[in-house]
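Naming convention: chains lettered A, B, ... in sequence-line order (proteins, then strands); numbering from 1 in each chain.
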Number of protein chains: 2
Amino acid sequence: MAGRREDQNGFDYRGIDDVVHGRVRLSVMAYLSGAGAADFTLLRSKVGVTDGNLSVHIRKLEEAGYIRVEKKFSGRRPLTICHLTDTGREAWIAYIARMEQLMRPDAAE
Amino acid sequence: MAGRREDQNGFDYRGIDDVVHGRVRLSVMAYLSGAGAADFTLLRSKVGVTDGNLSVHIRKLEEAGYIRVEKKFSGRRPLTICHLTDTGREAWIAYIARMEQLMRPDAAE
């Protein structure tokens, strides 16, 4: 799906979306690409990070418009639900295409 | 090739090899996985980085044993040749398997 490899810039590191690429954000995006949405607590356990660390990355994804954060209550329990946005899904698909191009350059030619 | 997805830790960010994952190092590894070896100057232009920045990343890859650096001369011109090692190739293959697992979780099940 990556299409044609650009000979000159095929390996340029700037072609990799840094917002998605950070390891924690990548894991969040990977999870949300399947689940669509997830509570903060679940995401934290899936991705394997501490509270504060996840908050920082969630904010960065939110600022890029890749996720939308919804605060609500389940009874008395506060929930923070992260939803993958359409922009986020597009960014994820573009990221995968770029990574596949890097990881399988022969297949892209 | 990723094999079976581990249900509990399938999205854990710590499963991603940080030495390979940094964008510049990833681009270097991607290039060397095809070329086997490359002169520093060529790598710099392929990857799109400045001199000093590439040196830092080359050193980190060398310290991990993923590349071997050879210094030689072509006439009077000094060359710094970076070779992908067997360890580096194994790390690259393991990295791709891990990334494919994250990027295509459905395919890995």
Looking only at non-hydrogen atoms, find the nearest pair between A:Asp12 and B:Gly48 and report the distance.
OD2-CA, 4.0 Å

So if you build clusters from Ile, Leu, Val, Met, Phe, Trp, Tyr with side-chain heavy-atom gaps below 4.5 Å, do A:Val69 and A:Leu32 land together?
yes

Cluster check A:Trp92, A:Ile16: I/L/V/M/F/W/Y, side chain < 4.5 angstrom:
yes

Quick one: closest heavy-atom pair of B:Arg23 and A:His21, and the distance?
CG-CD2, 3.4 Å

Nearest heavy-atom approach of A:Arg104 to B:Ile96 is NH2-CG2, 3.5 Å

According to a hydrophobic-cluster definition based on side-chain heavy atoms being under 4.5 Å apart (Ile, Leu, Val, Met, Phe, Trp, Tyr only), do A:Val19 and A:Val47 belong together?
yes

Within the structure provided, determine whether B:Tyr13 and A:Arg25 are in side-chain contact (heavy-atom separation under 4.5 Å).
no

Specify which of B:Leu43, B:Asp18, B:Val28 makes the most heavy-atom pairs with chain A at under 4.5 Å.
B:Asp18

According to a hydrophobic-cluster definition based on side-chain heavy atoms being under 4.5 Å apart (Ile, Leu, Val, Met, Phe, Trp, Tyr only), do A:Leu61 and A:Leu42 belong together?
yes

Is A:Leu26 in contact with chain B via its backbone, its side chain, both, or neither, using a 4.5 Å heavy-atom distance?
side chain

Same cluster for A:Phe40 and A:Ile67 if Ile/Leu/Val/Met/Phe/Trp/Tyr side chains link at under 4.5 Å?
yes

Between A:Tyr95 and B:Met99 the two heavy atoms that sit nearest each other are OH-CE, 3.5 Å

